[in-house]
Visitor: 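Just passing along the structure, written as structure tokens.
Sequential numbering from 1 along the given sequence is applied to the chain's residues. Atoms within each ligand, like the ligands themselves, are counted from 1 in listed order.
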Amino acid sequence: MCGIIGVVGSAGALETVLEGLRRLEYRGYDSAGVAFQDHGDLWSRRAAEGTRSVEALVETCGDAPATLTVGIGHTRWATHGNPTEINAHPHLDCGKRLGLIHNGIIENHAELKAALEALGHGFRSGTDTEVMVHLLEDELRTDGDLVAATRRMLGHLRGAFAVAVVSADHPDQLVAARRVSPLIVGMSDGVSYLGSDIPALMGKVDRVFAIEEDHVVDLRPGSIVVTNAEGQVVSPQSVEITWTSEVAEKGGYADFMTKEIHEQPEAIAATLASRIDATGSIQLDDMDFDEEDLRQIDKVVIVGCGSSYHAGLVGKFAIERWAGLPTEVDIASEFRYRDAKFGPSTLVIGVSQSGETIDTLEAIKQARKGGSTVIAISNIVGASMTREADGAMYTRAGLEVSVASTKTVLAQVIALELLALRLAELRGTRSAEEIEQIVRELHSLPAFVAGLVGATKRVEEVAAGISSARDYFFLGRHLGYPVALEGALKLKEISYLRAEGYPAGELKHGPIALIEPGVVVVAVVLSGPMAEKMYSNIAEVKARGATVVVVAEASDQVVESVADYVLRIPDVADFAAPVLAMVPLQQLAYAIAKSRGIDVDRPRNLAKTVTVE
Ligand code: M6R
């Protein structure tokens, strides 16, 4: 959460920072701010106007000096301190010589603040971040060296941070550092850049370097020097940026969510592309371990958060069915703090669009430390998780900007199913012909998804019929259950309506008490043995007055007689059906949110990448 960007040595530095902030809004939009060197002083502006903070910041920068070449910018997702201008970054030291931006949480901020106040520092904000700038102010008194002072400042901190500093007294220099939270740097045409993630620097550099924990970066025009905790110079890993800056534009769509829903066929096709080699074997991506390790696996644990966790639940069915391996799926923030047993025979799969979500990142680090083989499934090449894992598999969905995940979830399901097939292949639990048949079936999905995303009329009618309700239950069984969870999450996050995803069989164990006229039940009925049971559960909620929407396959003959509204998807094999069933639920959430006048790309209180616990 929070987006950061910095530029050293460019005549258009302010424009670059503001443009970067526009692209980083998805990391938080509670406030935005910039600080630049200005002839021996700092020039700084901040704005806190909710979802239009960056826009308001751009307006306040209208009077900027034309000569700014070195500066930093920040979009905030508030943790400590209200989303007000006073709490907006950059934060300044007492002498207003230093400007500092931060992504993360300083856990020992209260004790540091007390100690700094005792030394005479005056605090202006209610943030955890501000302690850093005052610590740095003190550390600079030792020798005036900004890099060394930053390194000493890190020694006082507990928590997670990517931090960048601009100083009025250190012309043509920015200094940055990180622990847990991500930080990348890059250089082009004599200009040096830093950012929280690739969108910050898209269109400016074609290669970025990922900074390791507790390393400090010294950025100057035409030079970037990275040093480790001991002050030795190190060479960071680099990653090529293949995305162009156009991928961060809406491309004629009303919003990013619509664009990304329409990009789903391509996201699935790209994730499936070239996965079978000349010998008929499944190809994963960067797997830095012996295949023998995978053959020895006797248990799989999938960890993720939010939509990525839901994709993991679909993946569980595939791994258990095709590879015959017991598979657990856990919410990463819970998994981290239980006494899970690791070891070389457990494969841990971290699923994350961003590859940066703190809980998933820390969960896989823990698993690796415990001796397990770890694979990260991510949409971002070179993201922290892919560097921490033994192997990475990419979803190739392209940049996803809208806070609500759409195309990346579908691509994650595909990636997990491919991984399940690879495990089946290695363990000999499925024949080459069976695997080929399954992959063929998966290849039919882009065309079916294209058909669904192109047809929104029926979904809009259904949305119009149910959007006055306040309470929604999403029910499913078996492979329909993760779809129900994902449908409920989409609706609540972008429409602000109460929506609960539930396994339909659990309904009678409590939640049915809430069913009454006015409540909407959205049921996901996939063909197979669970369909009849779903229809019994639908009868139970109808008998209690609920309005029922059913997502059903084309051949379902029963649905029209039991549902108030039906959303059809094509008939496909059961393992492929969740991918299709998620699409009308994304569209339904979108239509309801739009009818409520909500900015779907920037729903309140949310950020796309969650880098704080
Ligand atoms: O980047 P990640 O996939 O790790 O993010 C995890 C969740 O924050 C994310 O899936 C979130 O639930 C969705 N954006 C909701 O649509």
Visitor: Tell me the protein heavy atom at minimum distance from atom 10 (O) of ligand 1, and give that distance in Å.
Guide: Ser307 N, 3.1 Å

Visitor: Give the numbers and elements of all ligand 1 atoms closer than 4.0 Å to a heavy atom of Leu489.
Guide: 12 (O), 15 (C)

Visitor: Which residue and atom name correspond to the protein heavy atom nearest atom 13 (C) of ligand 1, and how close is it?
Guide: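 Result: Ser405 OG, 3.2 Å.
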
Visitor: Please work out whether the ring planes of Phe342 and Phe335 are parallel, tilted or perpendicular, with thresholds of 30° and 60°.
Guide: perpendicular

Visitor: Going by the atom numbers of ligand 1, which of them fall below 4.0 Å from some non-hydrogen atom of Ala404?
Guide: 16 (O)

Visitor: Give the residue, atom name and distance (to 0.1 Å) of the protein heavy atom nearest atom 1 (O) of ligand 1.
Guide: Ser354 OG, 2.7 Å

Visitor: Is a donor from one side chain sitting under 3.5 angstrom from an acceptor on the other, for Thr408 and Glu400?
Guide: yes

Visitor: Output yes when Lys490 and Glu493 qualify as a salt bridge under the 4.0 Å nitrogen-oxygen rule, no when they do not.
Guide: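 Looking at Lys490 and Glu493, the cut-off is met.
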
Visitor: May I ask you to list the atoms of ligand 1 that are less than 4.0 angstrom from any heavy atom of Gly306?
Guide: 10 (O), 12 (O)

Visitor: Is ligand 1 under 4.0 Å from a heavy atom in the side chain of Glu356, in the backbone, in both, or in neither?
Guide: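 No part of Glu356 is near ligand 1 at this cut-off.
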
Visitor: Heavy-atom contacts with Glu493 under 4.0 Å: which atoms of ligand 1 show up? List them by number with element.
Guide: 15 (C), 16 (O)

Visitor: Would you call Glu213-Arg387 a salt bridge at under 4.0 Å N-O?
Guide: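 Result for this pair is no, no salt bridge flagged.
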
Visitor: What is the nearest protein non-hydrogen atom to atom 8 (O) of ligand 1, stated with its residue, atom name and distance?
Guide: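 Answer, as residue, atom name and distance: Val610 CG2, 4.1 Å.
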
Visitor: Does one side chain, of Glu356 or Thr609, offer a donor that lies under 3.5 Å from an acceptor on the other?
Guide: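 No donor-acceptor contact under 3.5 Å links the two side chains.
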
Visitor: Can you sort out which atoms of ligand 1 are near Lys490, meaning under 4.0 Å from one of its heavy atoms?
Guide: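 Those of ligand 1 that fall under 4.0 Å from Lys490 are 16 (O).
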
Visitor: I'd like to know if Asp574 pairs up with Arg321 as an ion pair, taking the criterion as any Lys NZ or Arg NE/NH1/NH2 lying under 4.0 Å from an Asp or Glu carboxylate oxygen.
Guide: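 Arg321 and Asp574: salt-bridged.
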
Visitor: Please say which of Arg76, Arg52, Arg602 ends up in a salt bridge (charged side-chain N to carboxylate O under 4.0 Å, His left out) with Glu25.
Guide: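 Result: among Arg76, Arg52, Arg602, Arg602 is the only option passing the salt bridge (charged side-chain N to carboxylate O under 4.0 Å, His left out) with Glu25.
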
Visitor: Nearest protein heavy atom to atom 7 (C) of ligand 1, by residue and atom, and its distance?
Guide: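 Going atom by atom, the protein heavy atom closest to atom 7 (C) of ligand 1 ends up being Cys305 O, 3.6 Å.
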
Visitor: Assess the side chains of Ser238 and Arg207: does a donor N or O sit below 3.5 Å from an acceptor N or O?
Guide: yes

Visitor: Please report whether ligand 1 has a polar contact with Val403, defined as an N or O pair separated by less than 3.5 Å (distance criterion only).
Guide: yes

Visitor: For the 3.5 Å polar cut-off, considering only N or O atoms, please tell me whether Gln353 and ligand 1 meet it.
Guide: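 Among all N and O atoms of Gln353, at least one is under 3.5 Å from an N or O of ligand 1.
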
Visitor: So is Thr357 polar-close to ligand 1, meaning N/O to N/O under 3.5 Å?
Guide: yes

Visitor: Using a 4.0 Å cutoff against the non-hydrogen atoms of Ser352, which atoms of ligand 1 qualify?
Guide: 1 (O), 2 (P), 3 (O), 4 (O)

Visitor: With a distance cut-off below 6.0 Å to the six-membered ring centre and an angular limit of 45° from the axis, does Arg604 pair with Tyr496 as a cation-pi contact?
Guide: yes

Visitor: Thinking salt bridges, do Glu260 and Lys407 make one under a 4.0 Å N-O criterion?
Guide: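 Salt bridge between Glu260 and Lys407, a charged N being under 4.0 Å from a carboxylate O: no.
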
